[in-house]
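Read through the structure below, which is laid out as structure tokens, and then see the notes.
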Amino acid sequence: MAIRTLRVDEDPVLRKPCKTIAAIDERIRTLLEDMGDTLRAAGNGAAIAACQIGVLRRAVVIDWEGELINLVNPVILEAEGEQECLEGCLSFPGRWGRTIRPQKVRVQALNERGESFTLEGEGLLAQCLSHELDHLDGIVFTQRVTHWLSEKELQNL
């Protein structure tokens, strides 16, 4: 539908909690489509939260294995284990760091039709879900970084 402008760096909207979506209507479906278009146009992201395009609503779109997964009002039901992750973010271009995320998560959400579903993710998908759900609570990955990667470290990846 449309490619939206990404909010970046110190934009205060990135640090505000998002509001629950009361009803999934055409406006929300358009938002999800725009988020998917924006994510794919960026070309280097795995997922996007609505706040990253300036909309303070609890919506996430993940591009997983070429398919877009829409999550409305997602909640982490369970988190297990721990993994060290290499992490970046569309809203913080060129910045990479190490974070600690759960190894496995189970998330409940609604899809674009308002149907409830559960999504389990391990490894990279668990990292992605944790990162995006943090966005919905106004938490950005820079707050989770345990070690920032230098230019030299980035070149050696």
Side-chain angles (χ1 to χ4, degrees), residues 4 6-8 11-25 27-40 42 44-93 95-149 157:
R4 306 262 193 116
L6 284 169
R7 300 295 182 103
V8 295
D11 190 315
V13 77
L14 294 171
R15 289 172 178 77
K16 292 183 180 178
C18 295
K19 296 176 184 170
T20 299
I21 295 171
I24 300 175
D25 54 17
R27 195 177 98 237
I28 296 302
R29 283 188 282 279
T30 298
L31 170 64
L32 293 167
E33 288 178 22
D34 289 356
M35 290 169 63
D37 290 346
T38 304
L39 174 60
R40 289 208 163 141
N44 62 342
I48 189 169
C51 61
Q52 291 180 272
I53 59 168
V55 179
L56 291 173
R57 294 291 178 265
R58 297 188 75 82
V60 167
V61 175
I62 296 175
D63 188 348
W64 188 251
E65 297 179 348
E67 297 294 322
L68 294 178
I69 303 170
N70 296 319
L71 298 100
V72 175
N73 298 330
V75 177
I76 293 179
L77 299 175
E78 291 180 45
E80 296 178 23
E82 188 175 275
Q83 63 176 323
E84 183 181 61
C85 304
L86 173 63
E87 204 160 316
C89 181
L90 292 174
S91 290
F92 295 88
R95 295 174 74 183
W96 293 88
R98 299 258 180 223
T99 61
I100 303 296
R101 296 284 186 183
Q103 177 61 37
K104 184 177 181 180
V105 297
R106 189 163 63 94
V107 172
Q108 183 172 348
L110 300 174
N111 65 18
E112 64 279 1
R113 294 177 301 282
E115 301 162 338
S116 180
F117 71 100
T118 302
L119 177 62
E120 291 188 18
E122 289 190 54
L124 186 57
L125 184 54
Q127 174 189 346
C128 184
L129 288 163
S130 299
H131 177 114
E132 297 308 322
L133 272 66
D134 266 359
H135 270 302
L136 301 182
D137 293 327
I139 299 168
V140 295
F141 97 104
T142 60
Q143 294 170 264
R144 302 259 190 227
V145 169
T146 59
H147 170 77
W148 288 103
L149 271 64
L157 291 179

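Any value given below was found using the heavy atoms of this structure, including those in side chains, with hydrogens, waters and symmetry copies removed.
- Residues W148 and T142 are in side-chain contact: their nearest non-hydrogen atoms beyond the backbone lie under 4.5 Å apart.
- Between T118 and Q108, the side chains place no donor N or O within less than 3.5 Å of an acceptor N or O (distance only, hydrogens not considered).
- The only member of H131, R98, R95 that meets side chain to side chain donor-acceptor pair (under 3.5 Å) when paired with E87 is H131.
- Scanning all heavy atoms of the two residues, the minimum distance from A126 to G121 falls at CB-O, 3.4 Å.
- From F92, atom CZ reaches atom CZ of F141 across 7.0 Å, with rounding to the nearest 0.5 Å.
- Under the 4.5 Å side-chain criterion, counting only non-hydrogen atoms from C-beta, L110 is not in contact with F117.
- Side-chain contact between P74 and L136 is present, with at least one heavy-atom pair separated by less than 4.5 Å.
- Note that the CD1 atom of I28 and the CZ atom of R58 stand 13.0 Å from one another [nearest 0.5 Å].
- When all heavy atoms of E132 and Q52 are compared, the pair lying nearest together is OE1-OE1, 3.4 Å.
- Counting only N and O atoms by type, the side chains of E84 and T99 include no donor and acceptor under 3.5 Å apart.
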Applying side-chain contact (heavy atoms from CB on, under 4.5 Å) to L124 and W64, what does each step give before you reach the verdict?
CA-CA 10 Å; L124 186 57; W64 188 251; 4.2 Å; yes

Please determine whether side-chain contact (heavy atoms from CB on, under 4.5 Å) holds for the pair L39 and L90, giving the CA-CA distance in whole Å, both sets of side-chain angles, and the decisive distance to 0.1 Å.
CA-CA 9 Å; L39 174 60; L90 292 174; 3.9 Å; yes

Given the rule in the side-chain contact (heavy atoms from CB on, under 4.5 Å) test, do V61 and L32 qualify, once you have shown the distances and angles that lead to the verdict?
CA-CA 7 Å; V61 175; L32 293 167; 4.0 Å; yes

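- Contact of the Q103 side chain with the E82 side chain is not registered, since no non-hydrogen atoms from C-beta on lie closer than 4.5 Å.
- Within 6.0 Å of atom CD in E115, more than 12 heavy atoms from other residues, nucleotides or ligands are found, so the atom counts as buried in its surroundings.
- Taking CD of E80 as the start and CZ of R106 as the end, the distance is 9.5 Å to the nearest 0.5 Å.
- A donor-acceptor pair under 3.5 Å is formed between the side chain of Q83 and the backbone N or O of P102.
- Residues C51 and L56 come closest through the heavy atom pair CB-CD2, 4.0 Å.
- For N73 (side chain) and I21 (main-chain N/O), a donor-acceptor pair under 3.5 Å exists by modelled atom type.
- Under the 4.5 Å side-chain criterion, counting only non-hydrogen atoms from C-beta, S130 is in contact with V105.
- Contact record, V55 with C18: O-SG, 4.5 Å, taken as the closest heavy-atom pair.
- Under the 3.5 Å distance criterion, the side-chain polar atoms of D37 are left unmatched by any main-chain donor or acceptor of R40.
- Across every non-hydrogen atom of R29 and I24, the tightest pair is NH1-O, 3.4 Å.
- The CG atom of L71 sits 9.0 Å away from atom CG of N111, with the distance rounded to the nearest 0.5 Å.
- Atom CD1 of residue I62 and atom CG of residue L129 lie 4.0 Å apart, to the nearest 0.5 angstrom.
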Take R15 and D137, measure what salt bridge (Lys or Arg N to Asp or Glu O under 4.0 Å) needs, and give me the verdict at the end.
CA-CA 8 Å; R15 289 172 178 77; D137 293 327; over 6 Å; no

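- Here the straight-line distance linking atom CD of E112 with atom CG of L31 works out to 12.0 Å at 0.5 Å rounding.
- The two atoms that bring M35 and I48 nearest to each other are CE-O, 3.4 Å, heavy atoms only.
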